[in-house]
Amino acid sequence: MTKWQYEMLQDLLTRKAENNPYGRSGNFKYEEGYKQGILAAKSILSDFYHRQFEGKEG
């Protein structure tokens, strides 16, 4: 994965979190769960990218 691919995916996930479909429904549990899921995906992506990057340099 290249740096621009990583940044593009992070940006897409950020936009996805901002356009939360549950924010308009008023259901706080679904809204919060959606946000937490997006944050978890971003964290996993970040860990994957940084491990791959460190492996190439080391």
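Both backbone and side-chain heavy atoms feed into the values below; hydrogens, waters and symmetry mates do not.
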Measuring from atom [atom1] of [X] to atom [atom2] of [Y], what distance do you get when rounded to the nearest 0.5 angstrom?
| X | Y | atom1 | atom2 | result |
| --- | --- | --- | --- | --- |
| Leu9 | Trp4 | CG | CH2 | 8.5 Å |
| Gln10 | Thr14 | CD | OG1 | 6.0 Å |
| Asn27 | Glu32 | CG | CD | 11.5 Å |
| Gln36 | Glu31 | CD | CD | 11.0 Å |

**Asked** Is Asp11 reaching over with its side chain to a backbone N or O of Glu7, donor-acceptor style, under 3.5 angstrom?
**Response**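 Checked: no pair found.
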
**Request:** Answer with yes or no whether the hydrophobic clustering places Leu45 together with Met8; edges join I, L, V, M, F, W, Y residues whose side-chain heavy atoms lie under 4.5 Å apart.
**Result:**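 No, Leu45 and Met8 fall in different hydrophobic clusters.
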
**Prompt:** Can you get from Leu13 to Tyr30 by hopping between Ile, Leu, Val, Met, Phe, Trp and Tyr side chains that sit under 4.5 Å apart?
**Reply:**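 Same cluster.
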
**Prompt:** Cluster partners of Ile44, using ILVMFWY side-chain heavy atoms under 4.5 angstrom, listed by chain and number?
**Reply:**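 Direct or chained contacts put Ile44 with none.
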
**Prompt:** In terms of ring plane angle, is the pair Tyr49 and Tyr6 parallel, tilted or perpendicular, where the classes change at 30° and 60°?
**Reply:**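 The arrangement is parallel - the two ring planes meet at less than 30°.
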
**Message:** Would you say OH of Tyr22 has more than 12 non-hydrogen atoms from neighbouring residues, nucleotides or ligands within 6.0 angstrom?
**Reply:**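 It does not: Tyr22 OH has 12 such atoms or fewer within range.
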
**Asked** Could you walk me through whether Lys3 and Phe53 pass the side-chain contact (heavy atoms from CB on, under 4.5 Å) check?
**Response** CA-CA 9 Å; Lys3 183 176 181 177; Phe53 185 71; over 6 Å; no

**Request:** Kindly write out the residues that satisfy salt bridge (charged side-chain N to carboxylate O under 4.0 Å, His left out) with Lys42, not counting sequence neighbours, or none if the list is empty.
**Result:**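 Partners of Lys42 by the salt bridge (charged side-chain N to carboxylate O under 4.0 Å, His left out) criterion come out as none, since no residue qualifies.
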
**Prompt:** Does Asp47 have any salt bridge (charged side-chain N to carboxylate O under 4.0 Å, His left out) partners at least two apart in sequence or in another chain, and if so, which?
**Reply:**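 With sequence neighbours excluded, Asp47 shows a salt bridge (charged side-chain N to carboxylate O under 4.0 Å, His left out) to no residue whatsoever.
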
**Minimum-distance pair of heavy atoms, taken over all atoms of Ile38 and Ala17** =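 Minimum heavy-atom separation between Ile38 and Ala17: CG2-CB, 3.6 Å.
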
